[in-house]
There are 2 protein chains.
Amino acid sequence: MTSRRQAEARTAPLDAAAWVAGALEMLADGGIDAVRVEPLAKALGVTKGSFYWHFADRRALLDAMLARWSEGRIAAIRQQAERREPPEAVLRHLAALYTRHTNPRGLAIEIAIRSLARTDKPAAKAVRAVDEGRLRLVAALFGGLGWKPADAQARALLFYSYLFGESLLDTRAVDAQTRARAVETLLTPPR
Amino acid sequence: MTSRRQAEARTAPLDAAAWVAGALEMLADGGIDAVRVEPLAKALGVTKGSFYWHFADRRALLDAMLARWSEGRIAAIRQQAERREPPEAVLRHLAALYTRHTNPRGLAIEIAIRSLARTDKPAAKAVRAVDEGRLRLVAALFGGLGWKPADAQARALLFYSYLFGESLLDTRAVDAQTRARAVETLLTPPR
DNA sequence: ACCTGAACACCGTTCAAGT
DNA sequence: ACCTGAACACCGTTCAAGT
């Protein structure tokens with residue numbers, strides 16, 4: 001909650017990163033609509049005027065937010081790629097990460113940014129970079145499972161789109177057993 | 001574009017439905033952030049004050065928008081269910097509807113509403129109703145293809161989540177052949 | 001280098017008054 | 001029954017002035 005942050009006594013002067021972190025907090029809490037300069041300034045304990053020392057305008061804040069988001073997502077992909085485990089284990093790990101809905105904050109940010117990307121070029125560019133990285137990783141993992149390149153591509157698209165789409169459904173619309181069975185279908189080895 | 005609407009000479013008095021239609025237009029064009037009372041009033045050719053004769057506040061407009069959206073989606077499901085065609089043909093038709101990205105306006109509205117649903121109870125309720133209806137239909141179609149109930153459930157979740165997730169990816173991140181192959185994987189008949 | 005304070009424009013909301 | 005017009009609060013943006 002931003003109200004907590006508001007109560008904190010500010011000591012050091014703020015830098016751009018602090019504003020971006022606060023903006024992501026508000027994005028997670030209330031969507032793009034909630035990323036507002038004045039409430040953010042209040043949450044950080046300064047006047048809204050000081051915002052314009054760090055950023056040209058609200059748009060520049062959104063761009064900085066997008067940059068930080070895509071960098072973070074791509075770093076996370078790299079981390080998974082470096083795991084020294086069999087590909088099936090990594091895929092199961094990724095599936096669990098999404099389907100267990102263990103990170104609602106990250107998900108809220110992701111969906112808010114994808115909504116933005118519908119009408120916003122810079123957001124669309126950030127989303128595309130992240131999708132390409134994720135698809136490359138997952139395709140490599142399916143390749144490691146024995147699928148031929150074209151099939152590995154298709155399975156990767158299926159796997160990634162599934163996890164992503166499912167994470168946007170209301171959890172209670174589907175029982176856990178069905179979700180588990182869906183993942184198993186995707187992980188059946190090539191004959 | 002709303003600017004076109006703005007130019008139109010208004011003749012009959014407005015009703016709530018006209019405001020909701022305009023709001024959905026703005027939602028499609030610019031996301032939830034763009035659904036604003038004053039610009040909407042201007043687009044409809046009236047003063048913003050008159051908005052409050054039809055709705056208690058902006059929130060009430062959003063709720064009416066959500067209601068109209070979920071009713072429309074559920075009516076569309078019913079239409080598909082009434083087709084007198086083999087289940088595989090209906091599934092292929094549904095797949096084409098999504099993967100060909102032929103309805104960007106509907107998609108923009110859908111993603112904006114799902115973003116809202118992250119933090120907004122009424123939006124979450126509307127989304128859930130739509131998902132349940134769609135999953136029920138798709139599960140019935142897979143059942144018609146010869147899958148046992150539990151497998152039909154899992155395939156339905158896979159199919160629907162896939163189409164939905166894929167529609168949120170940047171199209172250019174994946175080639176058409178891979179997308180086609182992914183759908184074929186889902187439609188392989190039970191052995 | 002970073003922030004304040006005052007100013008102005010835009011939008012949400014209210015409401016008395018108009019037709 | 002539906003709309004206008006004026007009022008006020010809130011937020012984006014600017015900028016001169018402060019430390």
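Being a predicted model, the structure only gives us computed values, none of them experimental. Every chain is numbered from 1 and lettered A, B, ... according to where its sequence line falls, protein lines coming before strand lines.
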Nearest of [options] to any side-chain atom of [X]?
X	options	value
A/R58	D/dT13, D/dT4, C/dC3	D/dT13
A/P39	C/dC2, C/dT4, D/dG12	D/dG12
B/T47	C/dG12, D/dT4, D/dC10	D/dT4
A/L14	D/dC2, C/dC11, C/dC3	C/dC3
B/P13	C/dT13, D/dC3, C/dC3	D/dC3

Under 4.0 Å between a side-chain N/O of A/R36 and OP1 or OP2 of D/dG12, yes or no? yes
Using OP1 and OP2 only, check whether a side-chain N or O of B/H54 sits under 4.0 Å from D/dC3. yes
Taking atom CZ of B/R59 as the centre, report whether more than 12 heavy atoms of other residues, nucleotides or ligands fall under 6.0 Å from it. yes
Take atom CZ in A/R100; do more than 12 heavy atoms of anything else shown fall under 6.0 Å from it? no
Return the set of residues passing side chain to side chain contact (heavy atoms under 4.5 Å, CB included) with B/A180 (not counting sequence neighbours), or none when no residue passes. none
Going by side chain to side chain contact (heavy atoms under 4.5 Å, CB included), name the residues that satisfy it together with A/R73, two or more places apart in sequence or in a different chain. A/W69, A/A76, A/V130, A/R134
Could you check how far [atom1] of [X] sits from [atom2] of [N], rounded to whole Å?
X	N	atom1	atom2	answer
A/F51	D/dG12	CZ	C1'	9 Å
B/L62	C/dC11	CG	P	16 Å
B/F55	D/dC3	CZ	P	11 Å
A/E38	C/dC10	CD	C1'	13 Å
A/D33	D/dC11	CG	P	12 Å
A/L61	D/dT13	CG	P	10 Å
A/L44	C/dT4	CG	P	11 Å

Cation over ring, B/R155 on B/Y160, under 6.0 Å and within 45°? no
Should the ring pair A/H54 and A/W19 be called parallel, tilted or perpendicular, given that the plane angle runs from 0 to 90° and is split at 30 and 60? tilted
For B/D57, side chain to side chain donor-acceptor pair (under 3.5 Å) partners two or more places apart: none
Could you tell me which residues satisfy side chain to side chain donor-acceptor pair (under 3.5 Å) with B/N103, sequence neighbours excluded, listed by chain and number? none
Does the protein touch nucleotides 14-19 of chain D at the base, only the backbone, or not at all? Give it as B, S and - per nucleotide, heavy atoms under 4.0 Å. BB----
Please, what dot-bracket string fits DNA chain C when only Watson-Crick and G-U pairs with both distances under 3.5 Å count, crossing ones use [ ] and pairs to another strand use |? ||.|||||...|||||.||
So A/V37 and A/Y52, do their side chains get closer than 4.5 Å, heavy atoms only? yes
